[in-house]
Number of protein chains: 2
Amino acid sequence: MAERSSPDYRHQLTLRDVSEASGVSEMTVSRVLRNRGEVSEKTREKVMNAARQLGYVPNKIAGALASNRVNLVGVIIPSLSNMVFPEVMMGISKVLDATPLQPVVGVTDYLPEKEETVIFEMLSWRPSGLIVAGLEHTDAARRMMENSGVPIVEIMDVDGNAIDAAVGISHVRAGRETATEILKRGYRKIGFLGTKMPLDHRARKRFEGFEAVLKENGLTLAAEEYYSGGSALGKGREMTANILKAHPDLDFLYYSNDMIGAGGLLYCLEAGMDVPGKIGLAGFNGVDLIDGLPRRLATMDSCRVEIGKAAAEIIAAEAEARGTSPHAKRTEISPIFATGDTLRDA
Amino acid sequence: MAERSSPDYRHQLTLRDVSEASGVSEMTVSRVLRNRGEVSEKTREKVMNAARQLGYVPNKIAGALASNRVNLVGVIIPSLSNMVFPEVMMGISKVLDATPLQPVVGVTDYLPEKEETVIFEMLSWRPSGLIVAGLEHTDAARRMMENSGVPIVEIMDVDGNAIDAAVGISHVRAGRETATEILKRGYRKIGFLGTKMPLDHRARKRFEGFEAVLKENGLTLAAEEYYSGGSALGKGREMTANILKAHPDLDFLYYSNDMIGAGGLLYCLEAGMDVPGKIGLAGFNGVDLIDGLPRRLATMDSCRVEIGKAAAEIIAAEAEARGTSPHAKRTEISPIFATGDTLRDA
DNA sequence: ATGAAAGCGCTAACAG
DNA sequence: CTGTTAGCGCTTTCAT
């Protein structure tokens, strides 16, 4: 025989306790606490009072097992360190706040193996949905998600094949459009400054789109500079100093994100350079920060909050409908190129 | 009789399936999959193969209910919008990554009522611990946490009474020390610039500590300016312009956070003001950003990552020991005042 | 409107 | 080293 040792040091309050305290069956107590089914006002009050009195907190683990309903949404992102993903989270939170769903965050550090582990962990909670950054995963991770029966929304990127639904911008197009704007304004000796991140597929796609347009116009990048770690603003400053020392003839600097771009902008202004006359600058992301700089950096908004919201809406609708109505498979959001003050007129 | 309608559209893979596929009992399969107990190498392999073959993902809901062990840690923070809390999360993640624990985030928007709801939701998952920002909660929330039997770590602040454990800095002291440094350097006409947030208790405590030192030295604040919403950098710029217009004789500006301080610094430099000669500046938080500014803003590090780590370590140790060994009740971290380049010599 | 019974998928405890 | 049994606390289903 198997008898449970209920740990004496802590007796967890159960529905049964509320039932006994109120003189109402467990079932009815459950109904009251979940606002489900018809219950007389009198009973409802007896139950509510007893529950409050005891300080009863329902056990969602048991509830989830019995009902096969888990109000958690897994959110799997590469990093928390650069405000991009926290902003996605804000969009997700805003939408989920109006539902019974709760986000659970997992961080992958841009490591495919870690992503696989995190996805496995998440799926083992049978969540109401999974929101995963990016379209690139290990084969095993892909398979797990495909077979999970859980709605999967891949976010940030739409350049590739989604498992279920994708919400994001096209980074290839973002890179292309930025290059187009730059060339249109007559800049020709272009330098690229970015992060040393072979696994940041979105940065890579922007770069590819950017380079493709240069190539189509008979140009190539005149210089490249990469960094890793440290204060992005400080690194932007440093890298800009380096690249301009090595290539004083550059007339444009394209930064893979606004933070390093902001550092570069501050550097150029302090050095007394003519921005955007002699040298133009552009970044990527459209962070809030650029509104406070001496000049507004040209950039392309990555629509982070919007993406988070759209992804959460798909999951929320799916959770509501329980698979009875189909959802959008591909939501491409079109970011607007913001000229700012660091590009000369066309 | 009560028969379950297992939803036909999706048959969830269970231990039983792995058991049948491998010809090993459910119990032994469970042992293999959890790496628990002695299992022969031959059996282990049979099980692993079957599990992998089927693509079995364990159901943690059921596991948690049976074992009374939930590897989730609730993290309850006011906001994700200013990099402070994401950095706390990074500290937490870093520590929990080495354990089986997973963080679950809840955001309160600085609203006590919402905090109460989020705490209730979290506790209903019977997590291995709760990390909550701040020491101020509604009575109901406090009671819930006290009676939960779950280790509770209140973070960011140590000025007050903790429910269980507190990890943070003293904001009163931070305010006091900043004021002391400023006065020591001869600044006397001091303005304060902050957020309009009556519920941000930590900002309030810094303000109180700061003002107390002024008072002890026979001074009062010469001016105050508050904002809400928008780009912090831009707002810092704007507020600084305003306060200096209204009070041109100010010789010091104390900002409630580094972002608005950075905006103010950029403004002062562009206006050609003598920083730190004629006017000194200081912020709070010690964000990474200030390393990339033209001048480094004086500030006090709020030790966010460190706090996250320490809090997570308490929970991790507690989860390991299951209440058999006591944990630290109060961990005060002492931030260092960083002089930067915006304070003149004493 | 309320209650009784069965069992969600897993693991603790015990028995071999 | 492996298997059997009895639940974990709740909700579904059916009966009243």
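Just so we're on the same page: letters track the sequence lines, and every chain starts at 1.
Among residues two or more places apart in sequence or in another chain, the salt bridge (charged side-chain N to carboxylate O under 4.0 Å, His left out) test is passed with B:Arg69 by none. Looking at residues two or more places apart in sequence or on another chain, you find no salt bridge (charged side-chain N to carboxylate O under 4.0 Å, His left out) involving A:Glu45. Partners of B:Arg143 by salt bridge (charged side-chain N to carboxylate O under 4.0 Å, His left out), not counting sequence neighbours: none found.
Atom NZ of B:Lys94 is surrounded by 12 or fewer heavy atoms from other residues, nucleotides or ligands within 6.0 Å. Counting non-hydrogen atoms of neighbouring residues, nucleotides and ligands closer than 6.0 angstrom, the CD atom of A:Glu320 reaches no more than 12 such neighbours.
The side chain of B:Ser67 lies closest to C:dT11, out of C:dT11, C:dG3, C:dC10.
Residues of residues 28-45 of chain A that place a heavy atom closer than 4.0 Å to DNA chain D, in numerical order, are A:Ser30, A:Arg34.
Direction change of the helix axis from one end of the helix from C:dA1-D:dT16 to C:dG16-D:dC1 to the other is 30°, with five pairs defining each end axis (rounded to 10°).
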Which atom pairs, one a donor and one an acceptor, fall under 3.5 Å between side chains of residues 312-319 of chain A and the rest of the protein, sequence neighbours left out?
from	atom 1	to	atom 2	distance (Å)
A:Glu318	OE1	A:His327	ND1	2.7

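The phosphate of C:dA12 (OP1 or OP2) has a side-chain N or O of B:Arg69 nearer than 4.0 angstrom. OP1 or OP2 of C:dC10 lies within a sub-4.0 Å distance of a side-chain N or O belonging to B:Tyr56.
The CE atom of B:Met27 sits 10 Å away from the C1' atom of D:dT2 (whole-angstrom rounding). In this structure, NZ of A:Lys60 is placed 10 Å from P of D:dT11, rounded to the nearest angstrom. Distance CG (A:Asn68) to C1' (D:dT13): 15 Å, rounded to an integer number of Å. Atom-to-atom, CZ of B:Arg16 to P of C:dT11 comes out at 15 Å; the value is rounded to the nearest Å. Between the P atom of D:dT2 and the NZ atom of B:Lys46 lies a distance of 8 Å, rounded to the nearest Å. The CD atom of A:Gln12 sits 9 Å away from the C1' atom of D:dC8 (whole-angstrom rounding). Rounded to whole angstrom, the span from the CD1 atom of A:Ile61 across to the P atom of D:dG9 amounts to 12 Å. Rounding to whole angstrom units, CG of residue B:Asn59 and P of C:dC10 are separated by 5 Å.
You'll find the side chain of B:Arg304 stays beyond 4.5 Å of the side chain of B:Met90, heavy atoms only.
For B:Arg126 and B:Ser25, each mapped to the nucleotide of DNA chain D holding its nearest heavy atom, the one lying further toward the 5' end belongs to B:Ser25.
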side-chain contact (heavy atoms from CB on, under 4.5 Å) between B:His137 and B:Glu116, worked out: CA-CA 8 Å; B:His137 316 287; B:Glu116 185 178 314; over 6 Å; no

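The CZ atom of A:Arg16 lies 5.5 Å from the CD atom of A:Glu26; values are rounded to the nearest 0.5 Å.
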